[in-house]
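Computed from a predicted model, the values in this text were never measured in an experiment.
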Amino acid sequence: MAATEHARPGTPCWVSLQTSDLTAAQKFYGAVLGWTFRPGSLGEDFCVAISGGRAVAGLGNVVRTMGVPVSWTCYFAVDDADAVASRVRERGGTVAVGPLAFGPGRAALAADPAGAVFGFWEGRVLRDWRIGHGVAPAWLELRTRDCFDAALFYSGIFLWDQSQETDVRYEDDVVLVSVAGHTVACLRGGGVEAAPDPKVRPRWHVYFRVDNVEKAVEAALLAGGSVAAEPGLSVVGHEATLCDAEGGIFTVTSGPPD
């Protein structure tokens, strides 16, 4: 594990799977993404996914205890979790859990006004973990109804507009968020809150890099998962969207890092 540091506020700092069967999740993601796992520091209901000796993501057996759906959740670094929680509520969002003391920091789960769930974390983070770099997720994308409304909401709660290092720009029908010249998130319009298909509901979507998309799809099917979107090309690269055995949605891509 790399040393830890304080991340720039408003920057994605971690992703975590909320599951109801930690053992089954380890088996699935180990088969599909080649991850190994080590115990986390938060007890037997948590573990850390490892690739190439480095931490990739967290897995938590928390669906039943916290009353949340099986899903991948992205976390953003903040300096003051209480202040961010207040800004979420002021701007029409919902804070479902926390901020609560959680290991070496404080965490909260929230939803934006369109219903997309996200987390925020006050505390130290892994120094080398960043979107599009190394073993961390290749891409992080918000799929929502109106990317401009979403940009205003997240800029307001994370104070993107007050940071000289953060750039929020409209490009090719999406909003791109960059920190220190590095793209950390994409906000894309088109999701519909009431849609019966969870693939098109507003949500933060996590992309993981693989060497071969077709092999990852095959492994997912053999491990009890399903294909939500067949392999194809996107701005990220060759990709396919998958569901794990409990319905957690994620995308695999062979696209290069930034």
query: Glu214: what forms a side-chain hydrogen bond (donor to acceptor under 3.5 Å, both in side chains) with it, not counting sequence neighbours?
result: His238

- prompt: Can you list every pair that meets salt bridge (charged side-chain N to carboxylate O under 4.0 Å, His left out) and has a residue in residues 96-120, with sequence neighbours left out?
  reply: Asp82-Arg106, Arg106-Glu122

query: How far does CG of Asp173 sit from SG of Cys147, to the nearest 0.5 angstrom?
result: 8.0 Å

task: Kindly give the heavy-atom pair with the smallest separation between Ser254 and Asp211, and that separation in Å.
output: CB-O, 4.2 Å

- prompt: Among pairs that include at least one residue of residues 218-239, which meet salt bridge (charged side-chain N to carboxylate O under 4.0 Å, His left out), considering only residues two or more places apart or in two chains?
  reply: none

Contact check, side chains of Thr183 and Arg169, non-hydrogen atoms, under 4.5 Å: yes

- prompt: Does the gap between the ring centers of Phe118 and Tyr154 come in under 6.0 Å?
  reply: yes

task: Could you tell me the separation between the OG1 atom of Thr241 and the CD1 atom of Ile249, rounded to the nearest 0.5 Å?
output: 8.0 Å

message: I'd like to know whether Leu140 forms a side chain to side chain contact (heavy atoms under 4.5 Å, CB included) with Val206, so could you lay out the CA-CA distance, the side-chain angles of the two residues, the decisive distance to 0.1 Å, and finally the verdict.
response: CA-CA 5 Å; Leu140 182 63; Val206 182; 4.1 Å; yes

Side chain proximity check, Tyr29 to Phe37, heavy atoms < 4.5 angstrom: yes

query: Once you round to the nearest 0.5 Å, how far does SG of Cys186 lie from CZ of Arg143?
result: 9.0 Å

field: Aromatic ring proximity, centroids under 6.0 angstrom, Trp204 and Phe250
entry: no

- line: In terms of heavy-atom contacts, Val56 and Pro137 come closest through O-CD, 4.3 Å

task: State yes or no: do Leu152 and Val88 share one hydrophobic cluster built from I, L, V, M, F, W and Y residues joined by side-chain heavy-atom distances below 4.5 Å, directly or via other members?
output: no

- prompt: Should the pair Tyr207 and His205 be assigned to parallel (<30°), tilted (30 to 60°) or perpendicular (>60°) ring geometry?
  reply: perpendicular

- prompt: Which heavy atom of Ala240 sits nearest a heavy atom of Val213, and at what distance?
  reply: CB-CG1, 3.7 Å

message: Testing the basics here: between Ala150 and Thr144, what is the closest heavy-atom pair and its distance to 0.1 Å?
response: CB-CG2, 3.9 Å

- prompt: Do Tyr170 and Phe148 have ring centroids that are under 6.0 Å from one another?
  reply: yes

field: Nearest heavy atoms of Trp72 and Gly58, plus distance in Å
entry: CZ3-O, 4.0 Å

field: Flag, side chain of His182 to backbone of His133, donor-acceptor distance under 3.5 Å
entry: no

task: Quick one: pull up CZ in Arg188 and CG in Leu176 and give me the separation to the nearest 0.5 Å.
output: 8.5 Å

query: Can you find a pair of side-chain heavy atoms, one from Asp80 and one from Val78, that are under 4.5 Å apart?
result: no

- prompt: Is the shortest heavy-atom distance from the side chain of Asp167 to the side chain of Val177 under 4.5 Å?
  reply: no

message: Measuring from atom OG of Ser51 to atom CG of Leu33, what distance do you get when rounded to the nearest 0.5 angstrom?
response: 8.5 Å

field: pair Val15-Trp129: side-chain heavy atoms closer than 4.5 Å
entry: yes

query: Restricting to pairs with a member in residues 89-98, which pass salt bridge (charged side-chain N to carboxylate O under 4.0 Å, His left out), not counting sequence neighbours?
result: none

task: Following the transitive rule for hydrophobic clusters with a side-chain heavy-atom cut-off under 4.5 Å over Ile, Leu, Val, Met, Phe, Trp and Tyr, establish whether Leu222 and Leu242 coincide in one cluster.
output: no

- prompt: Under the ring-ring contact (aromatic ring centres under 6.0 Å, His included) criterion, do Phe28 and Trp35 qualify, and how do the steps go?
  reply: CA-CA 9 Å; Phe28 177 88; Trp35 292 346; 9.7 Å; no

Test side-chain contact (heavy atoms from CB on, under 4.5 Å) applied to Leu22 - qualifying residues, sequence neighbours left out: Thr19, Gln26, Cys47, Leu59, Asn61

- prompt: Would you say the side chain of Pro231 lies within less than 4.5 Å of the side chain of Val217, judging by non-hydrogen atoms?
  reply: yes

query: Hey, does Phe76 have a side-chain heavy atom less than 4.5 Å from the side chain of Thr11?
result: no

- request: Grab the two heavy atoms, one from Gly98 and one from Ala108, that are nearest each other, plus how far apart they are.
  value: C-CB, 4.2 Å

- prompt: Out of curiosity, does Val125 fall in the hydrophobic cluster containing Leu159 (side-chain heavy atoms, cut-off under 4.5 Å, transitive links)?
  reply: no

message: Just to verify, what does Ser16 make a side-chain contact (heavy atoms from CB on, under 4.5 Å) with, not counting sequence neighbours?
response: Trp14, Tyr75

field: Side chain to side chain, Gln18 and Thr73, heavy atoms closer than 4.5 Å
entry: yes

message: Is there a path of hydrophobic side-chain contacts, each under 4.5 Å between heavy atoms of I/L/V/M/F/W/Y residues, joining Val97 to Val95?
response: yes

query: Just how far is it from atom CG of Asp244 to atom OG of Ser226, taken to the nearest 0.5 Å?
result: 8.5 Å

